[in-house]
Amino acid sequence: MTKVAVVTGANKGIGFAIVRGLCKQFDGDVFLTARDEGRGSAAVEELKKEGLNPKFHQLNLDDQSSIERLRDFL
């Protein structure tokens, strides 16, 4: 079974830095999540330019259906 790390609000700031660090050290899949799909995808592309491989999933913690979509995906 693959280990999974999910970082919320990770398209900028501390969340973005946490994803970067996890991608370098964590033995598993790292999911960068953000409310805005465009910003989240752009953050993933920025990290890929550094040779890292985060995955993206849209997540809005204020929206129960968004939370459920992530749950079902995982």
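Nearest approach of Ser66 to Leu59, heavy atoms of both residues: OG-CA, 3.3 Å. The shortest non-hydrogen separation linking Thr2 to Gly28 is CG2-CA, 4.3 Å. Of all the heavy atoms in Phe16 and Asn11, the pair that sits closest is CD1-O, 4.0 Å. For the residue pair Val19 and Ala10, the shortest heavy atom distance occurs at CG2-CB, 3.6 Å. Across all non-hydrogen atoms, the minimal contact from Pro54 to Val44 is O-CG1, 3.7 Å. The heavy-atom pair separating Phe56 from Gly40 by the smallest distance is CE1-CA, 3.4 Å.
Between the CD atom in Glu46 and the CZ atom in Arg20 there is a gap of 6.5 Å [rounded to 0.5 Å]. Atoms CD1 and OG1, on Ile18 and Thr8 in that order, are 8.5 Å from each other to the nearest 0.5 Å. Between Leu22 atom CG and Asp29 atom CG the span is 11.5 Å, to the nearest 0.5 Å. The distance from the CD1 atom of Ile67 to the CZ atom of Arg69 is 10.0 Å, given to the nearest 0.5 Å.
Under the 30°/60° scheme for interplanar angles, the aromatic rings of Phe73 and His57 are found to be tilted.
For Gln25, the CD atom is loosely surrounded, since the number of other residues' heavy atoms within 6.0 Å does not exceed 12. Around the CG atom of Asp27, the shell of radius 6.0 Å holds no more than 12 heavy atoms that belong to other residues, nucleotides or ligands. Within a 6.0 Å sphere centred on CZ of Arg35, heavy atoms belonging to other residues, nucleotides or ligands number 12 at most.
Leu32 is not connected to Leu61 by any chain of hydrophobic side-chain contacts under 4.5 Å among Ile, Leu, Val, Met, Phe, Trp and Tyr, and they are in different clusters. A single hydrophobic cluster is not seen to contain both Val6 and Phe26; linkage of ILVMFWY side chains at heavy-atom distances under 4.5 Å, directly or through other members, places them apart.
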Handout entry: Worked verdict on Phe31 versus Leu74 for side-chain contact (heavy atoms from CB on, under 4.5 Å)
Key = CA-CA 10 Å; Phe31 281 89; Leu74 294 174; 4.1 Å; yes
Practice task
Any chance you could lay out the side-chain contact (heavy atoms from CB on, under 4.5 Å) test for Lys55 and Val30, step after step, and finish with the verdict?
Solution key: CA-CA 6 Å; Lys55 300 177 184 318; Val30 179; over 6 Å; no
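Of the possible donor and acceptor atoms, none in the side chain of Thr33 sits under 3.5 Å from a partner among the backbone N and O of Gln58.
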